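As the structure is a computational prediction, the values presented were derived from the model and not from experiment. One-based numbering, in listed order, for ligands and for the atoms of each.
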Amino acid sequence: MKLFTIFGDPVSHSISPLLHNRAIRELNLDACYTRTHLKDGSNLRKIFEDLGLDGANVTVPHKENAYRQCDEIRGVAKKIKAINTIIKEKDKLIGYNTDAPGFYESTREFKNVKNALILGAGGTAKAIATILKEKNIKTTILNRSKNRLAFFEKEGFSCFDWSNFEKDNNIYDIVINTTSAGLKDNALPVPKDLLNTILKDAKYATDVIYNKKTLFLKAAQNADIQTKDGSDMLLYQGVIAFNLFFDNKLSLYDISKAMRPAFEL
Ligand code: NDP
């Protein structure tokens with residue numbers, strides 16, 4: 001039997017065990033997925049080995065720490081320098097980031113996206129900006145403060161904070177909220193006037209926050225923009241991780257079909 005877990009702090013709220021165990025059952029696989037509350041991220045590798053795991057997901061705040069403890073990093077995670085999935089291959093731990101392709105997969109229904117504006121500059125913004133750049137989508141970053149813009153400037157993105165943002169001639173086909181504004185409160189990710197300017201001419205708006213219609217999404221809907229929340233991103237990062245857990249031999253369609261009903265539980 002294969003054994004998987006999700007490491008996080010907190011981790012009790014995570015629906016990953018529900019998603020993965022449902023897919024394990026539906027696809028008739030011999031495996032089990034648990035959750036592990038990990039306070040000290042520097043112990044992650046030792047606990048992974050002590051538990052005899054075959055793979056794991058990693059959530060806040062351990063994604064960067066986990067990146068440093070793997071033997072090898074593959075794919076976009078090399079750029080992002082944060083991982084959310086670990087696979088044991090022989091005696092080696094291989095790190096992947098499935099948040100980035102998970103986001104991309106979740107927005108494939110949006111057509112003709114050439115320009116994107118990301119609100120926020122944290123870990124999720126890094127993952128999304130990196131995958132959009134890989135897909136040749138011109139991406140601009142707008143954050144509340146300057147502090148976290150250095151990574152994006154180094155990677156060649158146009159970067160602004162609230163004080164110096166000027167909407168250039170570009171129309172942002174998609175505006176993506178990656179801030180935690182709206183997660184536990186009713187805050188907007190940028191001041192209202194600025195938001196109205198940003199949303200003008202946009203075709204799509206997405207929020208990485210899931211299972212909640214944030215004020216940001218409500219504002220976008222009021223501006224007649226097509227919207228979606230972060231549920232599909234969460235689903236697809238799980239689908240892609242699940243396939244990695246099983247040697248990439250399953251069909252993404254079958255996994256997502258098996259996992260999706262877990263959102264309704
Ligand atoms: P980080 O802590 O790394 O970054 C938070 C960002 O939000 C920073 O840019 C910060 O700006 C900004 N911010 C926080 N509060 C406010 C506010 N009130 N107004 C404006 N900006 C604000 O967070 P993560 O990137 O790890 O996570 C962000 C969100 O993504 C969370 O809500 C998380 O739940 C969600 N998420 C969803 C996933 C999914 O699958 N759907 C996957 C992963 C994350 P500053 O630099 O100025 O502090």
K.L.:
Are Ile128 and Ile176 side-chain neighbours, meaning at least one heavy-atom pair lies under 4.5 Å?
P.N.:
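Touching, per the 4.5 Å side-chain cut-off.
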K.L.:
To the nearest 0.1 Å, how far is atom 23 (O) of ligand 1 from its closest protein heavy atom, and which atom is that?
P.N.:
Gly123 N, 4.6 Å
K.L.:
Under a 4.0 Å threshold between the charged nitrogen and the carboxylate oxygen, would Lys228 count as salt-bridged to Glu109?
P.N.:
yes
K.L.:
Is the terminal nitrogen or CZ of Lys133 (NZ for Lys, CZ for Arg) located under 6.0 angstrom from the six-membered ring centre of Phe157 and within 45° of that ring's axis?
P.N.:
yes
K.L.:
Could you identify the single nearest non-hydrogen protein atom to atom 12 (C) of ligand 1 and state the distance to 0.1 Å?
P.N.:
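Minimum-distance protein heavy atom for atom 12 (C) of ligand 1 reads Thr179 CB, 3.7 Å.
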K.L.:
Using a 4.0 Å heavy-atom threshold (strictly under), name the region of Trp162 that reaches ligand 1: side chain, backbone, both or neither.
P.N.:
side chain
K.L.:
Using a strict 4.0 Å threshold on nitrogen-to-oxygen distance, state whether Lys114 and Asp173 make a salt bridge.
P.N.:
no
K.L.:
Just so I know, are the side chains of Ile83 and Lys63 near enough to count as touching, which here means a heavy-atom distance under 4.5 Å?
P.N.:
no
K.L.:
Below 4.0 angstrom from a heavy atom of Ala121, which ligand 1 atoms are there? Numbered from 1 as shown, please.
P.N.:
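In order of number, 9 (O).
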K.L.:
For ligand 1, which atoms sit closer than 4.0 Å to a heavy atom of Ile209?
P.N.:
32 (O)
K.L.:
Under 3.5 Å, N or O to N or O, is Gly230 touching ligand 1 that way?
P.N.:
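In this structure, Gly230 places an N or O atom under 3.5 Å from an N or O of ligand 1.
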K.L.:
In the protein, what heavy atom is nearest to atom 41 (N) of ligand 1, and what distance, to one decimal place, separates them?
P.N.:
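Minimum-distance protein heavy atom for atom 41 (N) of ligand 1 reads Val208 O, 2.9 Å.
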K.L.:
Got a protein heavy atom sitting under 4.0 Å from atom 3 (O) of ligand 1?
P.N.:
yes
K.L.:
Can Glu89 and Arg74 be counted as an ion pair, charged N to O under 4.0 angstrom?
P.N.:
yes
K.L.:
Closer than 4.0 Å to some heavy atom of Tyr210 - which atoms of ligand 1 meet that?
P.N.:
41 (N)
K.L.:
Before we go on, tell me: are the rings of Phe152 and Phe160 under 6.0 Å apart, centre to centre?
P.N.:
no
K.L.:
State whether Phe151 and Lys126 meet the cation-pi test: NZ (Lys) or CZ (Arg) under 6.0 Å from the six-membered ring centroid, and within 45° of the perpendicular axis.
P.N.:
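Ring-cation test returns yes.
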K.L.:
Which of the atoms in ligand 1, numbered in the order shown and given with their element, are less than 4.0 Å from a heavy-atom of Leu234?
P.N.:
40 (O), 41 (N)
K.L.:
Would you check whether Arg148 has a nitrogen or oxygen atom less than 3.5 angstrom from a nitrogen or oxygen atom of ligand 1?
P.N.:
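Between Arg148 and ligand 1 (N or O atoms, distance only) the closest approach is under 3.5 Å.
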K.L.:
Could you check whether any side-chain heavy atom of Ile141 comes within less than 4.5 Å of a side-chain heavy atom of Thr139, counting everything from C-beta outward?
P.N.:
yes
K.L.:
Applying the 4.5 Å side-chain criterion to the ILVMFWY set and letting contacts propagate, would Leu195 and Ile225 be lumped into a single cluster?
P.N.:
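Result: yes, single cluster for both.
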K.L.:
Which protein non-hydrogen atom lies closest to atom 5 (C) of ligand 1, naming both residue and atom, and how far is it?
P.N.:
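Looking only at protein heavy atoms, the one closest to atom 5 (C) of ligand 1 is Ser180 OG, 4.0 Å.
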K.L.:
Answer with side chain, backbone, both or neither: which part of Thr124 has a heavy atom less than 4.0 angstrom from an atom of ligand 1?
P.N.:
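Thr124 to ligand 1: contacts from backbone and side chain alike.
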K.L.:
Is it the side chain (CB and beyond), the backbone, both or neither of Ser145 that lies under 4.0 Å from ligand 1, heavy atoms counted?
P.N.:
both
K.L.:
Report yes if the side chains of Ile198 and Leu142 come closer than 4.5 Å at any heavy-atom pair, otherwise no.
P.N.:
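In short, these two side chains touch, coming nearer than 4.5 Å.
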K.L.:
Determine, using heavy atoms of Asn143 and all atoms of ligand 1, whether some pair is separated by less than 4.0 Å.
P.N.:
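Yes, that is the case, since the closest heavy atom of the residue is under 4.0 Å from the ligand.
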K.L.:
Hey, which atoms in ligand 1 end up nearer than 4.0 Å to a heavy atom of Gly120?
P.N.:
9 (O)
K.L.:
Tell me which part of Met233 gets within contact of ligand 1: side chain, backbone, both or neither, using heavy atoms under 4.0 Å.
P.N.:
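Within the 4.0 Å criterion, Met233 contacts ligand 1 through backbone and side-chain atoms alike.
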K.L.:
If you have a sec, work out which protein heavy atom is nearest atom 18 (N) of ligand 1 and how many Å separate them, to one decimal?
P.N.:
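Sorting protein heavy atoms by distance from atom 18 (N) of ligand 1 puts Arg144 NH1, 3.6 Å first.
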K.L.:
Please report the interatomic distance CG(Leu44) to CD(Gln69), rounded to the nearest 0.5 Å.
P.N.:
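Rounded to the nearest 0.5 Å, the CG-CD separation comes to 5.5 Å.
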K.L.:
Please identify which atoms of ligand 1 are closer than 4.0 Å to at least one heavy atom of Ala181.
P.N.:
17 (C), 18 (N), 19 (N)
K.L.:
For ligand 1, indicate whether the residue Val190 contacts it via side chain, backbone, both or neither (heavy-atom separation under 4.0 Å).
P.N.:
neither
K.L.:
Which of the listed options, Asp229, Leu235, Leu183, Thr178, holds the heavy atom that is closest to atom 34 (O) of ligand 1?
P.N.:
Leu183
K.L.:
Aromatic contact between His20 and Phe242, with the criterion being ring centroids under 6.0 Å apart: yes or no?
P.N.:
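Yes, they do, as the ring centres are separated by less than 6.0 Å.
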K.L.:
Identify the protein heavy atom lying closest to atom 20 (C) of ligand 1, giving its residue, its atom name and the separation to 0.1 Å.
P.N.:
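Checking every protein heavy atom, the shortest distance to atom 20 (C) of ligand 1 gives Pro189 O, 3.3 Å.
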